[in-house]
Amino acid sequence: MTGRDDWWYDEAAGPLVRPYAMVRGRTRPNAPDLHLVTQVRASSFASDQTSLTVEHREIMALCARPLSVAEVAAYLDVPLVVVKVLLSDLIERGDVLVQTSTPKIPDRDLLQAVLDGVRGI
Amino acid sequence: MVFVGSDAQLTVPTAVKIVIAGGFGTGKTTMVASVSEIPPLRTEELLTEAGVHVDDLAGIEGKDTTTVALDFGRITINTKVVLYLFGTPGQNRFWFMWDELATGAIGAVVLVDTRRLDSSFPSIDFFEHRGIPFVVAVNCFDGSQAYTVDEVRHALDIDEAIPVVLCDARDRESSKSVLVALIQHSMNRLAAV
Ligand SMILES: Nc1nc2c(ncn2[C@@H]2O[C@H](COP(=O)(O)OP(=O)(O)OP(=O)(O)O)[C@@H](O)[C@H]2O)c(=O)[nH]1
Ligand SMILES: [Mg+2]
């Protein structure tokens with residue numbers, strides 16, 4: 001574990017205050033569906049980052065390589081619901097690219113590739 | 001892959017997933033760790049007390065919420081495909097979470113501890129009812145493997161078509177062979193329809 005498990009915990013007000021503050025209670029904008037394994041990646045034409053929060057910039061750095069939404073949440077150590085809001089902001093700005101397909105059951109070729117891959121590890 | 005955004009030539013891999021399920025303490029996290037290329041990661045989902053996703057943080061302050069932790073690992077198959085392994089949360093009341101985990105999954109491994117067979121019934125029911133391919137992996141905690149595969153199959157009332165295998169979740173090769181059995185089972189199911 002990262003040792004930051006409780007960094008957003010507020011003694012007096014409970015565990016939700018920090019993530020709530022981070023996204024200021026915003027609803028998610030009309031971003032694509034973000035599932036646990038949805039792949040996200042920083043755009044190579046990312047806009048000026050000076051107006052971004054620390055958390056947004058941290059996501060941009062993490063996503064220099066493609067990662068799943070779940071990985072971004074785990075590395076950032078924030079609940080999934082929070083990371084989805086932050087990612088939505090970045091997607092809306094065009095700073096983060098996202099795979100738009102919803103998870104669907106893999107076809108035969110994909111299963112064969114996974115089978116070969118698992119055998120090879 | 002299709003992207004939202006300006007530089008469509010930037011690609012991301014196709015993500016696939018396998019669910020590692022089973023009762024409390026059956027070795028789910030151990031299995032994820034034994035095959036994952038990274039130490040298992042942990043992420044938290046916010047749920048209401050009723051077990052429903054908190055999907056939006058607006059107006060959440062007054063609500064009773066709880067967090068459920070998910071362990072997961074990763075196997076990079078090649079530059080185009082990445083496999084994620086998700087351990088289900090121990091507490092069975094978070095079925096909502098299981099739905100999200102199971103959607104689009106290759107299938108599931110249901111880990112069984114023969115000292116507490118009944119603790120894996122809910123997992124088996126879940127995947128059976130949703131028609132999600134699964135294999136049953138009997139985790140051989142030292143010296144406790146008093147039953148044969150057939151005895152376990154019978155005790156759990158598992159259909160002949162569903163593979164039941166023995167494993168040691170701590171052992172990478174053993175866990176690998178469970179994943180291989182599951183992927184082959186999923187391929188057979190695909191061929192059958
Ligand atoms: N001897 C032996 N011990 C095991 C094996 N697999 C897991 N364990 C131990 O059993 C305990 C439970 O394993 P976990 O992997 O945490 O089980 P889990 O299913 O993730 O547990 P929960 O998430 O709490 O439901 C740990 O202390 C493991 O070290 C095994 O194959 N043999
Ligand atoms: Mg566990």
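Note on naming: letters A, B, ... go to the chains in the order of the sequence lines (proteins, then strands), and numbering restarts at 1 for each one.
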Can you tell me how far apart CG (A/Leu36) and OH (B/Tyr84) are? Round to the nearest 0.5 Å.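 Rounded to the nearest 0.5 Å, the CG-OH separation comes to 10.5 Å.
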Is there a path of hydrophobic side-chain contacts, each under 4.5 Å between heavy atoms of I, L, V, M, F, W or Y residues, that connects [X] with [Y]?
X        : Y        : answer
A/Val72  : A/Leu52  : yes
B/Val109 : B/Val164 : no
A/Val81  : A/Val96  : yes
B/Val110 : B/Phe86  : yes
A/Tyr75  : B/Ile75  : no

Can you give me the closest heavy-atom contact between [X] and [Y], atom names plus distance?
X        : Y        : result
B/Gly104 : A/Pro106 : O-CD, 3.9 Å
B/Thr43  : A/Ala73  : OG1-CB, 3.4 Å
B/Ala15  : A/Gln39  : CB-NE2, 3.6 Å

Flag side-chain contact, heavy atom, 4.5 Å: B/Thr103 against A/His35: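 Contact flag for B/Thr103/A/His35 side chains = no.
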Proximity of residues 126-135 of chain B to chain A, residues having a non-hydrogen atom under 4.5 angstrom: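 From residues 126-135 of chain B, none sit under 4.5 Å of chain A.
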Please rank B/Leu179, B/Leu83, B/Ile106, B/Val81 by heavy-atom pairs under 4.5 Å with chain A and give me the top one.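 Option with the greatest count: B/Ile106.
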With sequence neighbours excluded, give me every salt bridge (Lys or Arg N to Asp or Glu O under 4.0 Å) pair touching residues 176-193 of chain B.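 Listed by first then second residue: B/Glu173-B/Lys176.
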Which side-chain N or O atoms in residues 110-121 of chain A pair as donor and acceptor under 3.5 Å with protein atoms at least two apart or in another chain?
unit_1   : atom_1 : unit_2   : atom_2 : d
A/Gln112 : NE2    : A/Asp116 : OD1    : 3.1

For B/Asp157, is the CG atom crowded, meaning more than 12 foreign heavy atoms sit under 6.0 Å from it?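 Incorrect, the count does not exceed 12.
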Donor-acceptor list for residues 29-37 of chain B side chains, cut-off 3.5 Å, not counting sequence neighbours:
unit_1  : atom_1 : unit_2   : atom_2 : d
B/Thr29 : OG1    : B/Asp71  : OD2    : 2.7
B/Ser34 : OG     : B/Met31  : O      : 3.1
B/Ser34 : OG     : B/Ala169 : O      : 3.1
B/Ser34 : OG     : B/Ser175 : OG     : 2.9
B/Ser36 : OG     : B/Ile38  : N      : 3.1
B/Ser36 : OG     : B/Ile38  : O      : 2.6
B/Ser36 : OG     : B/Arg74  : N      : 3.0
B/Glu37 : OE1    : B/Thr76  : N      : 2.7
B/Glu37 : OE1    : B/Thr76  : OG1    : 3.3
B/Glu37 : OE2    : B/Arg74  : NE     : 3.2
B/Glu37 : OE2    : B/Thr76  : OG1    : 2.6

Could you look at B/Val180 and say if it's the side chain, the backbone, both or neither that has a heavy atom under 4.5 Å from chain A?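 Answer is both: backbone and side chain atoms of B/Val180 are under 4.5 Å from chain A.
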Toward chain A, the part of B/Ile18 with a non-hydrogen atom under 4.5 Å: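 Contact with chain A: none, neither part.
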